[in-house]
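Note that the structure is a prediction, hence the values are computed from the model and not measured.
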Amino acid sequence: MFSIGELSRRTKVKVPTIRYYEEMGLLAEAERTSGNQRRYDKAGLERLSFIRHARDLGFSIEAISSLIELQEHPDRSCETATDIATSQLADVRAKIKRLKLLEKELTRISKGCDGHGVSEDCYVLAALADHELCDREH
């Protein structure tokens, strides 16, 4: 059995987050000692590791909940899990596309100013103040 602190250390998930996952139903409510301290078993550790990995990959709480539901029913088709992962991949690709546009715009804006003038003539400040100076929507 693991205390909440030990679970936190092993999974690198903060204690308040562990409590939050319990409240959300992602993590089973912990057993309690006579002193009312939480105690988690190996299954709790594995579940929290699963949640942590899914969060690291950017899955939403709702998506993780759906994935856990599938995990708890091993006889079900994995089509839903694949759909959830595919949707997450599409979201990541959209974010990458947006970040690449931001990178281009920030590169352009930062090259518009040599950094040796005064702020009154600074292109970076002017571009931030006037969206019309941007090359494209971002």
K.L.:
Hydrophobic clustering (ILVMFWY, side-chain heavy atoms < 4.5 Å, transitive) - are I68 and L57 grouped together?
P.N.:
yes
K.L.:
Flag the pair E105 and R108 as a salt bridge only when some basic side-chain nitrogen lies within less than 4.0 angstrom of an acidic carboxylate oxygen.
P.N.:
yes
K.L.:
For the pair T11 (side chain) and L7 (backbone), establish whether a donor and an acceptor sit closer than 3.5 Å, ignoring hydrogens and angles.
P.N.:
yes
K.L.:
Roughly how far, to the nearest 0.5 Å, is CD of Q71 from SG of C78?
P.N.:
13.0 Å
K.L.:
Please answer: with hydrophobic residues joined when any side-chain heavy atoms are less than 4.5 Å apart, are I84 and M24 in the same cluster?
P.N.:
yes
K.L.:
If Ile, Leu, Val, Met, Phe, Trp and Tyr residues are connected whenever their side-chain heavy atoms lie under 4.5 Å apart, and connections chain through other members, are I51 and L45 in the same group?
P.N.:
yes
K.L.:
Indicate yes or no for a side-chain donor-acceptor contact from S8 to the backbone of I4 under 3.5 Å, with no hydrogens or angles considered.
P.N.:
no
K.L.:
Would you confirm whether S110, through its side chain, and L106, through its main-chain N or O, come within 3.5 Å as a donor-acceptor pair?
P.N.:
yes
K.L.:
Could you give the distance from OH (Y40) to CG (L48), rounded to the nearest 0.5 Å?
P.N.:
8.5 Å
K.L.:
Whether the side chain of E29 engages the backbone of E22 through a donor-acceptor N/O pair (distance < 3.5 Å, no angle test) should be reported.
P.N.:
no
K.L.:
Given the rule in the side-chain contact (heavy atoms from CB on, under 4.5 Å) test, do D83 and E79 qualify, once you have shown the distances and angles that lead to the verdict?
P.N.:
CA-CA 6 Å; D83 291 346; E79 181 179 5; 3.9 Å; yes
K.L.:
Please confirm whether the backbone N or O of R38 pairs with a side-chain atom of E31, one donor and one acceptor, at under 3.5 Å?
P.N.:
no
K.L.:
Judged by atom type as modelled, is there a donor-acceptor pair below 3.5 Å linking the side chain of S60 to the main-chain atoms of A63?
P.N.:
yes
K.L.:
Look at the side chain of R52 and the backbone N and O of D56, then say whether any donor-acceptor pair between them is shorter than 3.5 Å.
P.N.:
no
K.L.:
Tell me whether R93 at atom CZ has more than 12 heavy atoms from other residues, nucleotides or ligands lying less than 6.0 Å away.
P.N.:
no
K.L.:
With side-chain contact (heavy atoms from CB on, under 4.5 Å) as the test, would you mind laying out the steps for K14 and Y20 before giving the verdict?
P.N.:
CA-CA 10 Å; K14 293 180 180 179; Y20 172 73; over 6 Å; no
K.L.:
Are L102 and L125 joined in one hydrophobic group, where the rule is that I, L, V, M, F, W and Y side chains link up if heavy atoms are under 4.5 Å apart?
P.N.:
no
K.L.:
Applying a strict under-4.5 Å side-chain criterion to I, L, V, M, F, W and Y, I'd like to know whether L27 and V15 cluster together.
P.N.:
yes
K.L.:
Quick one: side chain to side chain donor-acceptor pair (under 3.5 Å) partners of R19, sequence neighbours excluded?
P.N.:
none
K.L.:
If you round to the nearest 0.5 Å, how far is CD1 of I61 from CD1 of I64?
P.N.:
5.0 Å
K.L.:
Output the distance between atom CZ (R10) and atom CZ (F2), rounded to the nearest 0.5 Å.
P.N.:
4.0 Å
K.L.:
With rounding to the nearest 0.5 angstrom, report the CD to CG distance, E62 to L26.
P.N.:
9.0 Å
K.L.:
Compare all side-chain heavy atoms of Y21 with those of R55 and state whether any distance is below 4.5 angstrom.
P.N.:
yes
K.L.:
Check whether any side-chain heavy atom of E6 lies under 4.5 Å from a side-chain heavy atom of M1, and answer yes or no.
P.N.:
no
